[in-house]
Amino acid sequence: MKLLQLIVVCVASIAASGAAFAAATGDDRDFITKAIKGDNSEIMLGGVAQQHGATPGMRAFGAMLVADHTKARDQAISVAHALGVSPPSGAMAEADVERAKLALLSGPSFDREFAKYMINDHEHDIADFEAEAAHGHGGAAALARKSLPVLRKHLSAAERLAAHD
């Protein structure tokens, strides 16, 4: 009898997880892939700002990006696994281009460009995360809702840095 109960519980669990996976749309899977690549990008660029920022504020902003996006990426990877998505290891192509551009700059020019890029990037990220929070499903939508306050904090910090230029 206990074996039969165990089998019923296992079958029910498998069916429930299959239903949750089926409820996730291709859009949710695309969102989580893009979110992880975005986190990878912010971690990479934040490291560049930590090393090359002209002011303590810019270097601290870079450190905040690395810390917050490392945590966000870990959470996004968990959601990706639940959705059956292989987490990407690379950054967004735009971030690679920006890294190359930043490598040619130093001092206040570096800080201006970095702040400008981060404002634009976080404005786009917030729009994407708001859309997922409103129209996504399950773990991807929950991750989007949880991430929005941090993304808004980053946008505000970048705007403050740009204003002090």
Side-chain angles (χ1 to χ4, degrees), residues 17 20-103 110-164:
S17 66
F21 182 78
T25 66
D27 290 341
D28 293 332
R29 290 188 280 276
D30 290 343
F31 169 81
I32 205 67
T33 298
K34 186 176 176 185
I36 294 168
K37 287 181 86 170
D39 288 326
N40 291 340
S41 299
E42 301 292 341
I43 293 164
M44 172 189 67
L45 292 174
V48 172
Q50 281 180 284
Q51 294 175 351
H52 301 289
T55 63
M58 185 58 69
R59 292 188 296 275
F61 180 55
M64 178 176 64
L65 291 173
V66 171
D68 290 350
H69 283 283
T70 297
K71 182 178 177 183
R73 181 184 60 193
D74 292 345
Q75 293 168 350
I77 288 172
S78 293
V79 173
H81 289 307
L83 294 174
V85 173
S86 295
S89 59
M92 304 289 273
E94 309 88 59
D96 287 329
V97 170
E98 184 64 14
R99 180 180 58 188
K101 186 176 184 180
L102 290 167
F110 175 94
D111 286 6
R112 272 192 301 278
E113 175 57 31
F114 190 79
K116 182 179 120 189
Y117 180 85
M118 285 296 136
I119 290 168
N120 184 51
D121 183 57
H122 281 85
E123 287 173 342
H124 286 100
D125 289 347
I126 288 167
D128 290 346
F129 277 67
E130 285 174 339
E132 180 65 24
H135 306 293
H137 301 90
L143 178 74
R145 284 189 293 276
K146 184 176 184 180
S147 300
L148 279 165
V150 175
L151 294 173
R152 289 183 181 117
K153 175 183 83 171
H154 293 172
L155 175 59
S156 293
E159 289 171 338
R160 280 192 307 278
L161 288 166
H164 286 98

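Heavy-atom basis, side chains included; hydrogens, waters and symmetry copies ignored.
Partner of L155 under the side-chain contact (heavy atoms from CB on, under 4.5 Å) criterion, out of D121, I126, D125: I126 alone.
Closest of all the heavy-atom pairs between A133 and A144 is N-CB, 3.7 Å. The two residues M44 and A95 make their nearest non-hydrogen contact at CE-O, 3.6 Å. The shortest non-hydrogen separation linking A158 to M118 is CB-CB, 3.9 Å. When all heavy atoms are compared, the tightest approach of A157 to M64 is CB-CE, 3.8 Å. When all heavy atoms are compared, the tightest approach of P88 to T33 is CG-O, 3.6 Å.
If you take NE2 on H135 and CD on E130, they are separated by 10.0 Å, rounding to the nearest 0.5 Å. The distance from the CZ atom of R112 to the CE atom of M58 is 10.5 Å, given to the nearest 0.5 Å. Note that CG of D39 is 8.5 Å distant from CD1 of I77, once rounded to the nearest 0.5 Å. With rounding to the nearest 0.5 Å, the separation of CG in L102 from CD in Q51 is 12.0 Å. Here CG of L83 is found 6.5 Å from CD1 of I32. Values are rounded to the nearest 0.5 Å. Between the CZ atom in F31 and the CD1 atom in I36 there is a gap of 10.0 Å [rounded to 0.5 Å].
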**OP:** Let me see the working for F129 and E132 under side-chain contact (heavy atoms from CB on, under 4.5 Å), right down to the final yes or no.
**Re:** CA-CA 5 Å; F129 277 67; E132 180 65 24; 5.6 Å; no
**OP:** Given side-chain contact (heavy atoms from CB on, under 4.5 Å), test V48 with F114 step by step and report yes or no.
**Re:** CA-CA 10 Å; V48 172; F114 190 79; 5.6 Å; no
**OP:** Give the intermediate values and the outcome of side-chain contact (heavy atoms from CB on, under 4.5 Å) for residues D111 and L161.
**Re:** CA-CA 8 Å; D111 286 6; L161 288 166; over 6 Å; no
**OP:** Please test M92 against K34 for side-chain contact (heavy atoms from CB on, under 4.5 Å), starting from the C-alpha separation and ending with a verdict.
**Re:** CA-CA 8 Å; M92 304 289 273; K34 186 176 176 185; 3.8 Å; yes
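Side chain of D28 to backbone of G136: no donor-acceptor contact under 3.5 angstrom is found.
Applying the ring pair (Phe, Tyr, Trp, His ring centres under 6.0 Å) definition to pairs two or more places apart or across chains, those involving residues 142-162 are H69-H154, H122-H154.
Every residue meeting the side chain to side chain donor-acceptor pair (under 3.5 Å) condition with K153, not counting sequence neighbours, appears here in chain and number order: D68.
Between D74 and K71 there is no salt bridge, since no side-chain N of the basic residue sits under 4.0 Å from a carboxylate O of the acidic one.
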